[in-house]
Each structure stands twice: as structure tokens, then as C-alpha cells.
Amino acid sequence: MSSPDISSAPAFADLGLATPLLRAIQDAGYSTPTPIQAQAIPLVLAGGDLLAAAQTGTGKTAGFTLPILHRLMAKPLTPKPGRPRCLILVPTRELAAQVEESVQTYGKHFPLVSMVMFGGVNINPQYKALKGRVDILVATPGRLLDHVGQRTVDLSGVEILVLDEADRMLDMGFIRDIRKVIALIPKQRQTLLFSATFSEEIRTLANTLLNNPGTVEVARRNTASELVEQSVHLVPQAHKKEFLAHLIRHHNWQQVLVFTRTKHGANKLAEKLLKDRIPAAAIHGNKSQAARTRALAQFKDGTLQVLVATDIAARGIDIDQLPQVVNFELPNIPEDYVHRIGRTGRAGTTGAAVSLVDNEEMGYLKDIERLIKRSIARVVVEGFVMPETVAAHADLDDRRPPRPAGGRGQPNRGGQNRSGAPRKPAGEGKSTGKPSSQPGARSHGPTRHTARPGAALLGSGAPKKGRD
Ligand code: AMP
């Protein structure tokens, strides 16, 4: 099992965190800070602004949550209803729920109150929670602005602002909302900006927001890729659906996240898998929030075997130990590949990412390999014969079923040769696949997260507030 790089890290006890936080860290079972934690925690404790290049999976959430809790507790204030002292902005509801869960985990021995706020759910429990004390508010920008418009939240007391996954917030078009929110927050504050990538846009945002920030860069862009076992299957686009259905059955994958490039493609693929009796659903921007939430919940609890998602829709999916990611098509932006496979192989675990690559996508593959500075094994899978290659390989495979009338390919349920030796497809870069290897299937169980809006009193023994 891989784990985060903690080779040169100091102990948590050396970082200057208060004892109740060290107890919570111990309760969480962490022995050593990850690099982002070792570097970011002292900087944030000292009160400075921070610009951090860190991807999900590096332990970044604890990296900002722990010192924030410490600072808030070091300077207790009489709380005012609906007036948070710390605001954490995140791109998606799923991430919001997860970050707030971390705030609760690490703040469990502190009497602070956290609240998570996002759209697409009944706003009434949020109104109710905002009538009470809220020290740390984790919010998506849109719903936060709804509350601002209704004056149900007061941002004038924010001392610490965090922009988490800032690059995704920009990708998702939140820049104007972010600027509106920032205009309502005191200028005199501590600001922490986390981003997996550093585009010009992020740098501009950082320049306008941060004051002489400390910088931390722990996650090389390919960090996630080091934790993830990756393989490529060369498959013509026209046969990818059948091939994927075969792969899922062949490896008995129980929880697979599949990326497609288009919403239409996501729908078509989910339909095909359903027709093959593989429980699947598509999530993308054209689906209602209710449909997305349902699909995600079913995917997390194991009733939905396959979730097909576009890049944007998948942004919020964050399940620890997601065992299997499939790129049905390669993304044309290499960084997106790293984001995608980062859905698996989180800190302390490994995962597997399989890409189905058509000849047309070889250029994208090369770009990705250049970015992650390694080549990805071309793996062949036994038991699947591309329809048009049947004749060409008649002399090579005597276990193949007869080619059905109409020329549609059928999986060969015969041979299960798992030699693992990557075999070059016959023909110049053409996928003629009839292959033989087992890209590392995993059997990690799903971790369940439930997104519940409302506020939570952090201290142990204190009553929970407003959770619904
Ligand atoms: P994050 O990058 O914040 O999404 O964290 C990724 C995962 O790493 C979470 O499941 C955390 O529980 C876990 N984690 C955070 N800090 C540590 C640590 N110091 N040691 C081991 N696991 C950690």
C-alpha cells in the first residue's frame, strides 16, 4: 500500500498545535504530518497568508483546518448569531460536506460551532442554523450569496478566509461570486488559497487576494499518479462500450467511476451498461440536482456499480479509497487526467486507473505521459475480441466464440490468461486488442459520506445543532 510522502516530516507535536488538536489527530490515527501539513501549519499559525499548491489526497484539509481551529481558540470571542469568524469557500457541495466533516473531526475537543452550506437542498435548516452561533462556515459560493442577499449571514466578522480548490472554482465559473463574497469580508484578515494547478487566472486572483503570502508547493502535478496504478487499453472508439462492459465483468469491479468527454456520451454509455444489466447512471450538468444526488448516494452505498461522469460533474466526487477509475475517453487537457485519476489513490491507499484509448487519442496520451513524466503501460485484456479483428487473428485464437451475424463483437468468455505482459497491438498504433492482462483490480470498500446541511457544535459532549 502506498502512503503520503512523510519521510522528512517533523512530528505533529513539533508544529505548535494546541493539545486538544493533538488529541484529535491521535484519535484520527495520524502519526506523522504530510508534507503540506508540516509546511502549512506553522505558516498559518503565525498568522500569514498562504498560497498552496496541493491536490486532494495530500492531507491539505487538515493542513488548513488544524491551524485555523488553533487560532480561533487562541482568541475566543463572544459569538454573534450567523456571524462566522472563518469562511471556507469550496467548489462543490460534496467537498463542502467533506471539509466540514474534517472540521468536526479535528475540532472535536473544542467548543466551536461549524456549519456547512450549499445549494440544491432545502434552505430552511440553514436559516435555522444561522440563527445560532457559527464559528466556521464551509460554503459553496452560490448558496452563500443567496444567504447574503437575504441577510441571513453576516460576513463582517470573518477573520480567516480559505479558498479551497480555487482552480476548480474558477473552472466552474465562480470567479464573480467569489469576488462578490470577498467584497463583503474585512480587508484585515488572513487568507489561504489552495489550488491544484496554477494558471494565469489563479495567479491573478492570488495577487489581488493575498498579502505577502508564504508559499507551499508539495504536490507536484503528478503526485496522484504515483499512487495510482495506471494502464491503457487500445480500443477503437466504436467498441469501447462493449469493451468496458467486458472489463467490468471480467474483473468483477464493484465501484467504478467512468469519465466521458461529453454529457451525451455519458448518457449513451450508462444506457448501454444498463442494457447489459450492469447498474449504471450518468451524472452531468443537464441532470437535476436530485438525480445527481441520488446517483451519487447509490454509488457511495454500493447499490450503483458504475457512475459515468463528465469532468465537471465529477469534481465533487470524493470517496476515500475509490478503487477504480476508467477514462472512457482521454481528456484533451493533460491536467484533467491527473484530476481524474486523483479520484482514486488517496493518501495512504492505492487505486487503479484504466484508460480506453482510440488511435485518434494517441496525441492526448503522449501529452499526459509527458506531464506525469512516465509512460503508461499498454495492457491487453484476455477474452475480448474486436469484431473487425476476428478474421485477422483467426490463427492466433482458437478460443474465440463464433462471430455473430451482423458483425457485433462478443466477449470471449474462454481464456483468462493474465500474463501481465503488455503486448504491442499488431499494426501501427492501431488497437487490434486481443489481449491478456489484468490491470490491478482493487477491493477497497467504499467510505460513505453523507452531506447534511446545518451546524455542528464541535466539542465532544456538546449537543449537535441544526443538522438535518
Ligand atoms: P485531503 O488531501 O485533505 O483530502 O486528505 C486526504 C486523506 O488523507 C484524508 O482521508 C485524510 O483523512 C488523510 N490524512 C490527512 N492527514 C493525514 C496524515 N497526517 N496521515 C495519514 N493520513 C492523513
Side-chain angles (χ1 to χ4, degrees), residues 1-17 21-42 44 50 52-69 88-108 116 136 138 162-168 192-197 216-228 300 314-323 338-339 341-351 444-449 451:
M1 180 182 280
S2 304
S3 58
D5 172 18
I6 51 177
S7 46
S8 57
F12 273 114
D14 300 334
L15 297 179
L17 292 166
L21 294 169
L22 296 177
R23 270 169 54 211
I25 290 165
Q26 204 172 16
D27 296 345
Y30 307 157
S31 52
T32 320
T34 63
I36 183 83
Q37 291 162 0
Q39 295 175 58
I41 289 172
V44 179
L50 176 71
Q55 293 176 331
T56 299
T58 55
K60 70 182 164 67
T61 316
F64 62 80
T65 306
L66 288 164
I68 286 173
L69 286 161
I88 303 173
L89 283 179
V90 298
T92 64
R93 47 186 289 163
E94 289 83 6
L95 186 62
Q98 222 166 314
V99 168
E100 200 247 358
E101 244 175 57
S102 296
V103 173
Q104 286 185 48
T105 301
Y106 307 129
K108 66 197 251 199
V116 60
I136 300 175
V138 186
V162 182
L163 298 182
D164 192 16
E165 305 209 353
D167 50 344
R168 292 187 184 177
L192 319 176
L193 189 151
F194 288 79
S195 185
T197 53
V216 172
E217 188 162 359
V218 293
R220 293 185 310 280
R221 282 182 178 174
N222 59 349
T223 298
S225 68
E226 285 163 8
L227 292 170
V228 178
K300 285 178 178 177
R315 294 255 137 120
I317 297 171
D318 202 2
I319 305 171
D320 284 347
Q321 302 180 2
L322 183 62
V338 180
H339 276 311
I341 70 168
R343 305 291 100 195
T344 178
R346 294 295 158 91
T349 70
T350 54
H444 302 307
T447 299
R448 293 173 179 85
H449 294 295

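Each residue takes its place number in the sequence, starting with 1. Everything numeric here is computed off the predicted structure, so don't read it as measured data. Atoms within a ligand are numbered from 1 in the order they appear, just like the ligands themselves.
- Under the 3.5 Å distance criterion, the side-chain polar atoms of Q37 are matched with a main-chain donor or acceptor of G59.
- With hydrogens and angles disregarded, a donor-acceptor distance shorter than 3.5 Å links the side chain of T34 to the backbone of T58.
- Interface atoms of ligand 1 facing T61, defined by a heavy-atom separation under 4.0 Å, are 1 (P), 3 (O), 4 (O).
- Short contacts between ligand 1 and K60, defined as distances under 4.0 Å to a heavy atom of the residue, involve ligand atoms 1 (P), 2 (O), 3 (O).
- Looking at F194 against ligand 1, nothing comes within 4.0 Å, counting heavy atoms.
- Partners of Y106 according to the ring pair (Phe, Tyr, Trp, His ring centres under 6.0 Å) rule, which considers only residues two or more places apart in sequence or in another chain, do not exist here.
- Applying the salt bridge (Lys or Arg N to Asp or Glu O under 4.0 Å) rule to D27 yields the partners K108; only residues at least two apart in sequence or on another chain are considered.
- Residue contact check: F12 has heavy atoms under 4.0 Å from atoms 19 (N) of ligand 1.
- Only side-chain heavy atoms of Q37 come within less than 4.0 Å of ligand 1; its backbone N, CA, C and O stay farther off.
- Side-chain N or O atoms of E100 include none that pairs as donor or acceptor with a backbone N or O of A97 at under 3.5 Å.
- Within the 4.0 Å heavy-atom criterion, the part of T32 lying near ligand 1 is the backbone and not the side chain.
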